[in-house]
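In what follows, a single structure is set out as structure tokens and then discussed.
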Amino acid sequence: MITLSKKQYESLLPYYDKLKSAKYSKTILIIQMHLIRILETTYGNDWRSHVSNSVLSCGSCKIKELTKICTLMENYEKGSKE
């Protein structure tokens, strides 16, 4: 399983509210450019090899992926407090 670095975590912080909305409210309102930026930050430039193409067009797929990234951020927070 992937873990976030401090740099990745800090780069994702501006999107944290959107990620939490995806995870806890199962809703997402995000522009494509920000979605791609989140995926690039999390998985690198080869993010397409880590996520399905349907993430770009399928609402429930997008929510599922952003929920996973939100969980990575929460795990990072837990680890940094220990």
Side-chain angles (χ1 to χ4, degrees):
M1 180 171 179
I2 188 172
T3 58
L4 296 178
S5 68
K6 181 178 181 180
K7 182 179 178 182
Q8 287 172 303
Y9 174 80
E10 290 172 351
S11 296
L12 290 170
L13 278 176
Y15 308 106
Y16 196 35
D17 286 341
K18 294 187 182 300
L19 295 169
K20 286 193 296 187
S21 176
K23 182 173 182 177
Y24 297 106
S25 300
K26 302 300 181 203
T27 59
I28 189 66
L29 180 61
I30 191 168
I31 60 174
Q32 198 79 341
M33 180 179 71
H34 289 169
L35 174 61
I36 291 170
R37 199 167 292 140
I38 290 168
L39 296 172
E40 285 177 341
T41 300
T42 305
Y43 300 111
N45 290 333
D46 68 334
W47 61 270
R48 285 182 175 88
S49 66
H50 297 275
V51 298
S52 170
N53 287 335
S54 63
V55 168
L56 298 177
S57 58
C58 168
S60 63
C61 301
K62 195 177 300 185
I63 287 173
K64 184 178 177 184
E65 186 61 37
L66 294 178
T67 296
K68 188 164 61 171
I69 295 169
C70 183
T71 301
L72 290 174
M73 290 187 74
E74 292 170 344
N75 289 343
Y76 178 86
E77 288 175 347
K78 288 178 192 171
S80 67
K81 291 179 183 176
E82 294 177 351

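Values in this document were obtained by computation on a predicted structure and should not be read as measured data. When reading the values below, keep in mind they use all heavy atoms of this one structure, side chains included, and skip hydrogens, waters and symmetry mates.
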Distance, nearest 0.5 Å, that separates [atom1] of [X] from [atom2] of [Y]:
{"X": "N75", "Y": "T3", "atom1": "CG", "atom2": "OG1", "value": "9.5 Å"}
{"X": "L19", "Y": "L72", "atom1": "CG", "atom2": "CG", "value": "9.5 Å"}
{"X": "L56", "Y": "R48", "atom1": "CG", "atom2": "CZ", "value": "7.0 Å"}
{"X": "E10", "Y": "M73", "atom1": "CD", "atom2": "CE", "value": "10.0 Å"}
{"X": "T41", "Y": "Y15", "atom1": "OG1", "atom2": "OH", "value": "6.5 Å"}
{"X": "I30", "Y": "D17", "atom1": "CD1", "atom2": "CG", "value": "11.5 Å"}

More than 12 heavy atoms from other groups under 6.0 Å of CG on L29: no

If hydrophobic clusters are built from ILVMFWY residues whose side chains come within less than 4.5 Å, do V51 and M33 share one? no

Heavy-atom pair with the smallest gap, counting every atom of [X] and [Y]:
{"X": "T42", "Y": "Q8", "result": "O-NE2, 3.0 Å"}
{"X": "I28", "Y": "K62", "result": "CG2-CD, 4.4 Å"}
{"X": "Y76", "Y": "L4", "result": "CD1-O, 3.4 Å"}
{"X": "C70", "Y": "K23", "result": "SG-CD, 3.9 Å"}

Any side-chain donor near an acceptor of the partner, S54 and S52, under 3.5 Å: yes

State whether K68 and E65 are salt-bridged, where the test is any N-O pair (Lys NZ or Arg NE/NH1/NH2 against Asp/Glu carboxylate O) under 4.0 Å. yes

